[in-house]
Amino acid sequence: MEVVRWPLCYWELVLWKVFLHIGIENKDGDESMKPARVRFAPSPTGHMHLGSARTALYDYLLAKQTGGQFILRIEDTDQKRYVEGAEQELLDGLHWLGLDWDEGPDKGGAFGPYRQSERKEIYQQYARQLVESGHAFYCFCTPERLQTVREEKIRNKVQAKYDGTCRNISVEEADRRIQNGENHVVRFKTPKTGTTIVHDHLRGDIVVDNSTLDDYIIVKSDGLALYHLAAPVDDHLMKITHVLRGSEWLPTFPLHSLIHKAFGWEEPVWVHLSVFLKPSGKGKMSKREAMDLAKDGKSIFIKDLRELGYIPEAVVNWIALMGWSYDDHTEFFLLDDLIEKFSLDKLNPSPAAINFTKFDHFNGLHIRNLSIPDLTKRIYPFFVEKRINVDLEKLEKITPIIQERLQTLDDAPDLGGFIFDEEVEVTASELVAKNTTRLESLNILKEIYQVIKQLPQINHEIAEPPMRELVEKLGYKPGQVFGILRVAVTGKMVSPPLFETMEIIGREKVISRLQDAIKLLEGLSE
RNA sequence: GCCCCCAUCGUCUAGCGGCCCAGGACGGAGCCCUCUCAAGGCUCAAACAGGGGUUCGAGUCCCCUUGGGGGCACCA
């Protein structure tokens, strides 16, 4: 009797679960479809890389999915680190990836300016507000003194924090000293006791002991705000609903939350994305390592990827899947699919090693997904780059036969370039088929020539049947006969399918190349 | 050193307590197709870091250990 009881309980539980699940899903569905205002906020200090591209992608997807806005904001408060051309590279990279923004420095918008260096006064005003409300204070300590204090604390193995010298200087006194021209910064007055609870969408609540927090500087002595002040102020003013950023911001996350609270502002949804690790999985990629990748035809920089022959569709698909997934088997996504299917809830908080091999796979997949005219246009520049005398019309004929053989666009000239050559370079040894002698191969070659010469034109339908008959007649393996033909006509051991290739090369050239090959082998056999 | 985060095949990941002796993908091995190379199809090898709990039941929840990562600037 007892045994019969518990399965009943089990089914009861299942029913409960189903019931609850439906309830929860409905609630979530409504919540997530409110239009989101999401910002991508890079600093123009270097090349745009995969990590920032992914953040921008997720930003874009969330904005588009909810019918909200994708905002580009340039975080250039540190003029010392400004790199000429970096901003333009950012814009180019975003455009190339297809992530077009709704508001930004070049486009304007209702919440500008979108370059932080143009918002200096705004930050000063908000910093002052923080001082007056007792949430921040002016600090007159010299960098030299601070340095000494820090070093001593490190020596004593104590957390190297600000020692609080200026923490209790009154606003009046501070103003007097500022009036006298004393150098000063503004520091946030972090609570000394208690805990701060912040909520990350992927990690849930994070509880931090306030005693581990520092009185961070929020305005420098040159009057410019630091990220810690500028970002919260802008996010609030620009009505940002979701902040997606790298997990390197986790340690200062409590500070940012505290600043929002000090102003009495509602906080955005915070999402800290996992970092990308180098392919070995051992740590973040260093500048040096990033440079070294270029030698293998790999790179983490967006502008390089384009030159290496990767296509934006593949980049988007690949990086989308590093830290996000849709289900347990779907992996091929176009940008529009992602807009529809992306979800913050399916993000993965753990760090991900960059896998370039899989990137190649995605690139091949997306290249094969392209239409012939589209692919032709995209490979064209790579022929030009290799100084091959291309013409678009002829190129479009070989595109279909090399398409499934391309891993990157850069492979195209190697694979199809020979059709633009006047001459092919053939060596005698290449012309000798496997398991045949030079004389045998020469004989086969002559037989081939006889057959081809009879044909009014060369294409798959007309040329293949007689060639098959020849193979049969000669008693060699198809691979041997076709191999000789291949080398004679293309000068390569590896080529796209033979008959399609010969059709594009044209009867004239095929015949003359066969003659050349015969001469070459004859010359050697004497 | 201090603080924070993370932990499923080599790698990217599915898994939100029974559907899992753990599914997909890349890569690897093999086979099929085949004029070469691809593409495609099929098959195989390959993982829940360790230890404690909670529970009728744990990859899934909690704790510890270990490992990995990030951060400790008048950078972002």
Side-chain angles (χ1 to χ4, degrees), chain A residues 6 9-10 13-14 17 41-43 45 75-78 80-81 139 143 146-147 150 153-154 156-161 183-187 200 202-203 206 208-209 212-214 216-222 224 226-228 230-231 245-254 272 274-275 277 279-284 318 321-332 345-346 348-362 364 368 401-407 415 464 467-468 471 477-487 490 492-499:
Chain A
W6 92 258
C9 293
Y10 165 69
L13 278 168
V14 168
K17 208 182 110 176
S43 61
T45 54
E75 309 225 322
D76 57 349
T77 53
D78 188 8
K80 286 197 295 289
R81 295 209 310 159
C139 173
L146 260 17
Q147 185 62 24
R150 189 178 308 126
K153 293 207 172 189
I154 288 169
N156 296 335
K157 307 208 172 196
V158 188
Q159 200 183 346
K161 293 195 307 178
N183 260 330
H184 63 280
V185 300
V186 181
R187 285 179 186 271
D200 174 76
L202 304 183
R203 290 157 243 264
I206 299 168
V208 187
D209 218 318
T212 65
L213 268 23
D214 204 351
Y216 300 91
I217 293 172
I218 53 177
V219 179
K220 293 181 280 185
S221 53
D222 64 4
L224 265 166
L226 247 31
Y227 175 91
H228 303 312
R245 36 142 63 159
S247 67
E248 62 268 25
W249 290 110
L250 240 22
T252 44
F253 179 19
H272 291 91
S274 64
V275 288
L277 270 25
S280 64
K282 303 264 178 246
K284 273 212 298 196
W318 178 48
L321 255 19
M322 295 185 67
W324 175 83
S325 61
Y326 177 62
D327 58 19
D328 65 348
H329 64 278
T330 318
E331 289 212 317
F332 184 87
D345 297 334
K346 302 277 279 177
N348 188 159
S350 47
I354 295 171
N355 184 347
F356 284 103
T357 323
K358 192 151 184 174
F359 183 27
D360 284 337
H361 172 252
F362 275 124
R368 273 169 256 138
I401 62 172
I402 62 172
Q403 181 171 35
E404 66 186 24
R405 273 154 258 263
L406 297 176
Q407 193 126 78
L415 240 41
E464 183 156 5
M467 281 303 298
R468 294 278 174 196
V471 169
K477 290 203 171 106
Q480 293 172 309
V481 177
F482 289 125
I484 294 169
L485 214 203
R486 164 172 292 106
V487 172
T490 69
K492 290 171 171 256
M493 305 288 281
V494 175
S495 82
L498 249 184
F499 297 101

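First the proteins, then the strands, lettered A, B, ... as listed; each starts at 1. Side-chain atoms are counted along with the backbone in the values below, which use heavy atoms only and exclude waters and symmetry mates.
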key: Under 4.0 Å protein heavy-atom contacts per nucleotide of nucleotides 58-67 of chain B, with B for base, S for backbone only and - for none   = ----------

task = Spell out protein contact along nucleotides 71-76 of chain B as letters: B when the base is contacted, S when just the sugar-phosphate is, - when no protein heavy atom is under 4.0 Å; keep the 5' to 3' order.
result = S-SBBB

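Note on A:Arg405: every side-chain N or O is 4.0 Å or more away from OP1 and OP2 of B:rU36. Distances shown here put every side-chain N or O of A:His329 at or beyond 4.0 Å from the OP1 or OP2 atom of B:rG24. Between A:Lys346 and B:rU13 there is no side-chain polar atom (N or O) within less than 4.0 angstrom of OP1 or OP2. The shortest distance between the side-chain N/O atoms of A:Asn348 and the OP1/OP2 oxygens of B:rU8 is not below 4.0 Å.
Nucleotide B:rA58 is matched to nothing when pairs are restricted to Watson-Crick or G-U wobble geometry with both distances under 3.5 angstrom. Nucleotide B:rC35 forms no Watson-Crick or G-U wobble pair with any nucleotide shown, as no partner meets the under 3.5 Å limit on both distances. Shown here, B:rA45 forms no base pair; nothing in the strands shown gives a Watson-Crick or G-U wobble contact with both key distances under 3.5 Å. Under the Watson-Crick or G-U wobble criterion, with both distances below 3.5 Å, B:rC20 has no partner in any strand shown. Across the strands present, B:rC2 finds its partner in B:rG71; the criterion is a Watson-Crick or G-U wobble pair with both atom distances under 3.5 angstrom.
Within the 4.0 angstrom heavy-atom criterion, only backbone atoms of the sugar-phosphate kind lie near A:Arg203; the bases stay farther away. Using a 4.0 Å heavy-atom distance criterion, A:Lys282 is classed as a sugar-phosphate-only contact. Within 4.0 Å of A:Gly483, counting heavy atoms only, lies no atom of the nucleic acid at all. A:Gly246 comes within 4.0 angstrom of nothing in the nucleic acid, heavy atoms only. Residue contacts shown for A:Ile402 are absent, as no nucleic acid heavy atom lies under 4.0 Å away. A:Thr212 comes within 4.0 angstrom of the backbone, heavy atoms only, and of no base. Within 4.0 Å (heavy atoms only), A:Pro254 reaches no atom of the nucleic acid at all. A:Pro496 comes within 4.0 angstrom of a nucleotide base, judged by non-hydrogen atoms across all strands. Residue contacts shown for A:Leu498 include a base, since a base heavy atom lies under 4.0 Å away.
Taking A:Val185 as the reference, A:Cys139, A:Arg187, A:Ile217, A:Ser221 meet the side-chain contact (heavy atoms from CB on, under 4.5 Å) condition, with sequence neighbours excluded. Looking at residues two or more places apart in sequence or on another chain, you find a side-chain contact (heavy atoms from CB on, under 4.5 Å) between A:Pro351 and A:Val275, A:Leu277. Qualifying side-chain contact (heavy atoms from CB on, under 4.5 Å) partners for A:Ser350, counting only residues two or more places apart in sequence or in other chains: A:Asn348. Residues meeting the side-chain hydrogen bond (donor to acceptor under 3.5 Å, both in side chains) test with A:His228, sequence neighbours left out: A:His256. When the ring-ring contact (aromatic ring centres under 6.0 Å, His included) test is applied to A:Phe253, the partners found at least two apart in sequence or on another chain are A:Trp270, A:His272. Checked against salt bridge (charged side-chain N to carboxylate O under 4.0 Å, His left out), A:Lys161 has no partners two or more places apart in sequence or in another chain. For A:Asp222, there are no side-chain hydrogen bond (donor to acceptor under 3.5 Å, both in side chains) partners at least two apart in sequence or on another chain. Partners of A:Asp327 by side-chain hydrogen bond (donor to acceptor under 3.5 Å, both in side chains), not counting sequence neighbours, listed by chain and number: A:Thr330. Judged as a side-chain hydrogen bond (donor to acceptor under 3.5 Å, both in side chains), and not counting sequence neighbours, A:Tyr216 has no contacts.
We find that CG of A:Asp327 is positioned 13 Å from P of B:rC16, with the value rounded to whole Å. Rounded to an integer number of Å, the gap from CZ of A:Phe253 to P of B:rC4 is 14 Å. When the P atom of B:rC37 is taken as reference, atom NZ of A:Lys492 falls 15 Å away, rounded to whole Å. Remark: P of B:rG27 and CD of A:Glu331 are 11 Å apart, rounded to the nearest angstrom. Rounded to whole Å, atom P of B:rG40 lies 6 Å from atom NE2 of A:His361. Remark: C1' of B:rU36 and NZ of A:Lys477 are 15 Å apart, rounded to the nearest angstrom. Distance A:Ile401 CD1 to B:rC35 C1': 13 Å, rounded to the nearest Å. As a whole-Å value, the separation of A:Lys358 NZ from B:rG24 C1' is 8 Å.
The gap from the P atom of B:rA7 to that of B:rG40 amounts to 33 Å, rounded to the nearest Å. The separation of B:rU8 from B:rC61, taken at their P atoms, amounts to 13 Å, rounded to a whole angstrom. Remark: the separation of the P atoms in B:rA47 and B:rC3 is 36 Å, to the nearest Å.
In this pair, A:Tyr227 and A:Trp249 present their aromatic rings parallel. The plane angle is below 30°, not in the 30 to 60° band.
Taking all atoms of both residues into account, the shortest heavy-atom contact from A:Met322 to A:Ala353 is CE-O, 3.5 Å. Annotation for A:Phe362 and A:Glu331: closest pair CE2-O, 3.4 Å, computed over non-hydrogen atoms. A pairwise comparison of heavy atoms in A:Arg150 and A:Gln147 identifies NH1-OE1, 2.8 Å as the closest pair.
Put simply, the side chain of A:Lys346 gets close to the backbone of A:Tyr326: a donor and an acceptor are under 3.5 Å apart.
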Taking only N/O atoms, report every protein-nucleotides 41-45 of chain B pair under 3.5 Å with atom names and distance.
none

